[in-house]
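The structure appears right after this line, and notes come after that.
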Amino acid sequence: MFACIHAPGLSPDLSLREFAYSFSPIIEETRRDTVAIDVDGCELLFGSAYELASEVAVRAKQSRAHGGLETAVNVAVAANPDAAIHAATRLQGITFVSTGEELTCLGEFPVDHLDYSLVNIEKKVAGEILETLKLWGIRTFADLASLPAAGVSERLGQEGLKLQQLAAGKTERQLRVKQPEPVFANSIELEHALSELEPLSFIFARLLHQLCAALDAYALATNELSIVMQLVDQTTHERKLSLPHPMRDHKVFLKLLLLDTEMHPPQTAVRAISMACEPVKPRVLQNGLFVPLAPAPDKLELTLARLAKLVGEENIGSPVLLDTHRPDAFSVKRFTLTELKRRKEKNAKCEMRDSNLTLGFRMFRPPLRAIVEANQGWPTQVSAWSKQRSVYGKVVNVAGPWRTTGDWWRDDRWARDEWDVTIESGSKQSLYRIYRELNSKNWFVEGNYD
Amino acid sequence: MKAALSKAELQSNIASRFGDAFKIQQKPVVETLSTGVDEIDALTGGLPRGALSELSGPASSGRTSLMFSMLAHATTHEETCALVDTSDAFAPTAAAAAGIDFDRLLWVRCAGNLEHAFKATDLLLHAGGFGLVILDLGDVPGKDARRIISSWWYRFRRTVEDRPTVITVISEEACTRSCAALTLELKGAAEWSRASEPASQSNVLPMRKQVPVNQPSVTHGNLLHFNSIQVNRQRPISPWVNESQFRAHA
């Protein structure tokens, strides 16, 4: 059963919706002065539907201090929300419309008073249909309801049929319940400031659990988590966790957050924590049957976070070549698994690559400073050493020099002559690339061919 | 007769309770990952999955060439790969020339810290899903490599045992001992093209300029042509062929 409350004399500073929430949580706010409520299940609290309607009328008259509206309201109870709305807006006091007898109550209402917005018909279309009905001599709801449905459908289309069902009180629909805007943020203020990670982890776990529960309720996930910690010295410590794929597993978030906090701890004790996340649609992925396995996204993120803690964030990732001829120019980007489609395109390109095995090269970072003996410009003897490695011996084969220069307009320009050499040390022969900086005239060993 | 009957009876009783007690256990077929070098694949069948492999050899023996080939083959076949670079020796420019797809490669630089390298490898193996994990100890001196405690190798072997991951260790001297399912020893010999012979058949001009030097002979025709790499299988030893050879072109 549905009840409709219509308050024509409602004060502008009062909310009929708030008043209706005291009877049922399932409410449709049709207009500011009209609400429809689902009263099924309210029997234990208010008795029968008629008793509930009486209670509504009595409470509405009460003062606002007692939760009333300080005005008389019309209340109609019907098996159909649209019939209840029509009855409440047209009839004074309390109206009870029995199931199947809607036309007894609504039949005499003029068709001009049909609320076509309830069945989502545009004003222009509804106006044309009502004009046609007037020409046909249809004046009341009962007249319209008595027309044959097939004829109405044939002449007025689906909109005409909807209006006929509305007039007969036979429409079938659910209440359009207005959901409050979901909030994916949470905060807590601590009684005592915390400076250690272990007690903080319990607070993090609680907040993350609530956030993930909210995401779960709306079937959403997140790929960005913001944490703001208010510190005792009136400053804030802000962190942002960005994930390559949306997730909503609070355990994974907690581990990532703890690792991040270990790497970037707040300066002083924490007295309040706020968390917020950006809700996005969860990742839907169907793996191919013949595609090799890849690390699970959540495990990969945890592994990357642990590796970052171990060796430093700047030391993990995928290498990216820079668009320059500068020797050993590269950057490191965050490692993420690429999508299948892109991979296929890339593989097609790689298949076309030359199948010859390329000679490998091992860089010495930083390059080894070397002492080179030269005969008429040709290196003949090389000796270089550092804590980790040493290179010394007679040069038995040499190619070069190859001059590379670049970025002459910048402070960090380079200009050097490179040589490929075979250095014999004892019985061993190894291939190295050595170079001479043209500005400083110093020799270096850049690496070895392997 | 009675004893023989009772033995058969005993066997049938045990077999009924412990079904596979008298069944000959067959070794599962070992899946392999190609190295990208036909000669080595022909010799070894590829790198065994779920096992530890080792490539050892001195500097310029072709370890890095083979490593690039393995990574290029694995990454272009959609395997996710990880390289634990102990000495920060990975050269992205040379690797790109070898055909490695960097989008499928996780590079972990350990700046010479051996302990970090082993912990990073352990984390990667436990994460699962990687097709190829390479621990590069190529610049770690032999005396330090020999001091690595065996439990690390046993731990790695045990971790990948039931996974389709290939873990490969690159070192100067063989150090994984009995934990490696495949050990290859490499030796390299550089071949130089002399001034009289053409260095390359390509018509493309090199980026590097030729610098005139006051020398009676021209040095620019004297190029590093290729590295001839000899592979010797140390483990498992085959009664037939244990050696192979291939070239890495400069």
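As the structure is a prediction and not an experimental result, all values here were calculated from the model. Protein chains get the first letters and strands the later ones, always in sequence-line order, with residue 1 at the start of each.
Per-residue counts of heavy-atom pairs under 4.5 Å with chain B were compared for A:Met363, A:Lys428, A:Arg362, A:Gln429; the largest is that of A:Arg362. Among B:Pro164, B:Pro58, B:Ala94, B:Pro92, the residue with the largest count of heavy-atom pairs under 4.5 Å with chain A is B:Pro92. The choice from A:Pro327, A:Pro295, A:Ala294 that makes the most heavy-atom pairs within less than 4.5 Å of chain B is A:Pro295. Ranked by heavy-atom pairs shorter than 4.5 Å toward chain A, the options B:Ala91, B:Gly129, B:Gly128, B:Gly131 are led by B:Gly129. Top candidate by heavy-atom pairs under 4.5 Å with chain B, chosen from A:Gly317, A:Ser318, A:Gly312, is A:Gly317. In terms of non-hydrogen atom pairs under 4.5 Å with chain A, the most contact-rich of B:His126, B:Glu79, B:Arg109 is B:Arg109.
In terms of heavy-atom proximity, A:Gly360 sits nearest to B:Ser65 at N-OG, 2.8 Å. Pairing each heavy atom of B:Ser60 with each of A:Tyr449, the nearest pair is OG-O, 2.8 Å. In terms of heavy atoms, B:Cys110 sits closest to A:Val311 at SG-CG1, 4.2 Å.
Using a 4.5 Å cut-off between heavy atoms, A:Arg389 touches chain B through its side chain atoms alone. Only the side chain of B:Val37 comes within contact range of chain A, with at least one heavy atom under 4.5 Å from a heavy atom of that chain. Within the 4.5 angstrom heavy-atom criterion, only side-chain atoms of A:Val332, from C-beta onward, approach chain B. At a 4.5 Å heavy-atom cutoff, A:Leu302 makes no contact with chain B through either its backbone or its side chain. Using a 4.5 Å cut-off between heavy atoms, A:Phe330 touches chain B through its side chain atoms alone. The contact between B:Phe90 and chain A is made by backbone and side chain atoms together, counting heavy-atom distances below 4.5 Å.
For A:Arg334, the CZ atom sits in a packed shell: over 12 heavy atoms of surrounding residues, nucleotides or ligands are nearer than 6.0 Å. At most 12 non-hydrogen atoms from other residues, nucleotides or ligands lie less than 6.0 angstrom from CD of B:Glu115.
We find the CG-CG distance between B:Asp139 and A:Asn448 to be 7.0 Å, quoted to the nearest 0.5 Å. Atom-to-atom distance recorded for A:Leu307:CG and B:Leu124:CG is 5.0 Å, nearest 0.5 angstrom. In this structure, CZ on B:Arg247 lies 12.0 Å from CG on A:Leu357, to the nearest 0.5 angstrom. Remark: B:His116 NE2 to A:Leu310 CG distance equals 4.5 Å, nearest 0.5 Å. Between the CZ atom of B:Phe102 and the CG atom of A:Leu321 there is a distance of 5.0 Å, given to the nearest 0.5 Å. To the nearest 0.5 Å, the span separating CG on A:Leu304 from CG on B:Leu106 amounts to 6.0 Å.
Ring planes of B:Phe130 and A:Phe335: parallel class, angle under 30° (limits at 30 and 60°).
When atom types are taken as modelled, the side chain of A:Asp450 and the backbone of B:Thr64 share a donor-acceptor pair closer than 3.5 angstrom. With A:Arg365 contributing its side chain and B:Asp88 its backbone, the two residues share a donor-acceptor pair below 3.5 Å.
Using a 4.0 Å cut-off between a side-chain N of Lys or Arg and a carboxylate O of Asp or Glu, B:Asp122 and A:Arg306 do not qualify as a salt bridge.
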